[in-house]
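It should be emphasised that the depicted structure is a prediction, and the values quoted were computed from it without experimental measurement.
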Amino acid sequence: MQKLAWDVRPASPAGGAVVVSVEGDLDRAGRAEFVAGLAALLSEYHAVVLDVSALIPHHSSTVHVFAEALTRAGGWPGVCLALVAPDPSLASLLTASRVDQEVPVYDAVVDAVSHLSDRPPVLRDGWRFDVDPHAPGRARARVRDVCRRWGLDGHVREAAEIVITELLTNAVEHATSPSVVEVERHGDAFRLAVRDYDAGTTGHDVPAATAWQAPPTSSPRGRGLAMVAAVSRSWGVLHHPDGKTVWAEMPTQPA
């Protein structure tokens with residue numbers, strides 16, 4: 001195994017960006033260290049072109065280190081990351097895993113530098129919340145911030161705040177488990193998902209969107225999902241052996 005080595009030099013034309021070359025072997029054992037090191041570079045320089053032509057990944061899962069480091073450092077537009085000159089195997093992994101949608105890939109350093117501040121096709125962020133009555137309020141604040149950073153209009157922010165309030169309140173009150181919130185912007189859509197770890201022991205479940213019916217206005221239950229359905233273009237439920245994910249998608253442009 002060749003130990004990872006990093007080299008940092010100013011980009012030309014600089015503009016504050018740096019070109020970082022990394023070489024050596026990247027395996028699962030070194031994954032955490034790689035993410036921490038790249039995140040530290042992004043936090044320090046804010047705009048990094050990473051030359052990975054001499055990086056050798058030893059497992060397909062390690063390809064996600066680039067997106068993980070970008071998210072840990074705060075994400076676009078506060079920090080920007082582009083990859084240059086992956087070898088064919090790494091390039092295939094980046095494409096197959098769609099990591100190249102979050103961290104753009106270029107053949108030449110000059111192209112990466114000139115497009116470094118461009119918004120990537122896909123933006124992601126996420127947070128974990130414990131079982132806490134204040135979790136929905138904290139999640140709303142995170143959603144407001146991400147909408148601001150990603151340049152989303154007020155109508156998206158308002159809809160997203162309604163969705164995250166209802167879904168996370170549902171998780172806190174009924175699932176009684178920690179929750180993971182994931183947000184994503186892709187194309188003309190903003191997607192919110194709340195994952196809980198309720199294996200069904202609480203007796204509470206969310207029906208599939210295709211089977212769900214809006215409750216009458218006099219009903220004391222089910223109005224939260226009715227609000228989610230009203231402000232979303234689509235929504236649904238994914239069931240897992242140890243819980244479920246409820247997601248909703250909103251257009252980024254007014255209808």
Side-chain angles (χ1 to χ4, degrees), residues 27-32 34-35 57-72 75 93-102 122-140 142-143 146 160 162-186 189-215 219 221-229 231-250:
D27 57 13
R28 284 186 286 187
R31 175 174 177 157
F34 185 96
V35 171
H58 286 267
H59 194 275
S60 59
S61 67
T62 58
V63 77
H64 295 283
V65 294
F66 309 109
E68 289 177 17
L70 182 63
T71 298
R72 182 179 297 189
L93 287 173
L94 290 166
T95 301
S97 61
R98 298 186 74 236
V99 170
D100 63 340
Q101 297 293 296
E102 299 179 64
V122 175
L123 298 172
R124 297 184 200 273
D125 207 342
W127 320 285
R128 183 185 185 278
F129 296 95
D130 293 325
V131 180
D132 181 348
H134 300 293
R138 295 192 179 105
R140 280 196 302 274
R142 296 285 185 90
V143 166
V146 85
I162 291 172
V163 169
I164 195 61
T165 299
E166 299 304 328
L167 296 188
L168 202 53
T169 297
N170 212 28
V172 169
E173 292 183 352
H174 300 294
T176 62
S177 74
S179 302
V180 174
V181 175
E182 294 185 347
V183 293
E184 176 182 310
R185 180 179 182 178
H186 60 275
F190 179 68
R191 181 185 175 99
L192 263 167
V194 176
R195 164 78 151 99
D196 67 45
Y197 296 87
D198 173 20
T201 58
T202 64
H204 175 74
D205 196 14
V206 177
T210 53
W212 178 82
Q213 294 183 340
S219 173
R221 299 189 61 181
R223 287 176 293 184
L225 280 180
M227 294 180 68
V228 170
V231 300
S232 303
R233 178 166 62 187
S234 58
W235 69 279
V237 185
L238 301 174
H239 292 278
H240 316 291
D242 60 345
K244 64 184 177 297
T245 298
V246 186
W247 60 269
E249 190 170 279
M250 292 138 281

Donor-acceptor pair, distance only, cut-off 3.5 Å: does the side chain of Asp130 make one with the backbone of Asp132?
no
Mind checking side-chain hydrogen bond (donor to acceptor under 3.5 Å, both in side chains) for Thr165 and listing every partner two or more places apart, or none if nothing turns up?
Arg140
Please collect all salt bridge (charged side-chain N to carboxylate O under 4.0 Å, His left out) contacts where either partner lies in residues 231-240, sequence neighbours excluded, each pair once.
Asp188-Arg233, Arg233-Glu249
Taking Asp242 first and then Arg195, would you say they form a salt bridge - that is, a charged N and a carboxylate O separated by under 4.0 Å?
yes
Tell me every residue that passes side-chain contact (heavy atoms from CB on, under 4.5 Å) with Ser60, counting only those two or more places apart in sequence or in another chain.
Leu93
Arg185: what forms a salt bridge (Lys or Arg N to Asp or Glu O under 4.0 Å) with it, not counting sequence neighbours?
none
Salt bridge (Lys or Arg N to Asp or Glu O under 4.0 Å) partners for Arg124, two or more places apart
Glu102, Glu184
Not counting sequence neighbours, which residues clear side-chain hydrogen bond (donor to acceptor under 3.5 Å, both in side chains) with Ser61? List them please.
His59
For Arg72, what residues pass the salt bridge (Lys or Arg N to Asp or Glu O under 4.0 Å) criterion, not counting sequence neighbours?
none
Residues in ring-ring contact (aromatic ring centres under 6.0 Å, His included) contact with Phe190, at least two apart in sequence or another chain:
none
According to ring-ring contact (aromatic ring centres under 6.0 Å, His included), who are the partners of Phe129, at least two apart in sequence or on a separate chain?
none
Sequence neighbours left out, what passes side-chain contact (heavy atoms from CB on, under 4.5 Å) with Glu68? Give chain and number order.
Arg31, Val35, His64
Under the side-chain contact (heavy atoms from CB on, under 4.5 Å) test, residues paired with Thr71 that sit two or more places apart
Asp125
Residue set satisfying side-chain contact (heavy atoms from CB on, under 4.5 Å) with Val231, at least two apart, ordered chain then number -> Ala159, Ile162, Val163
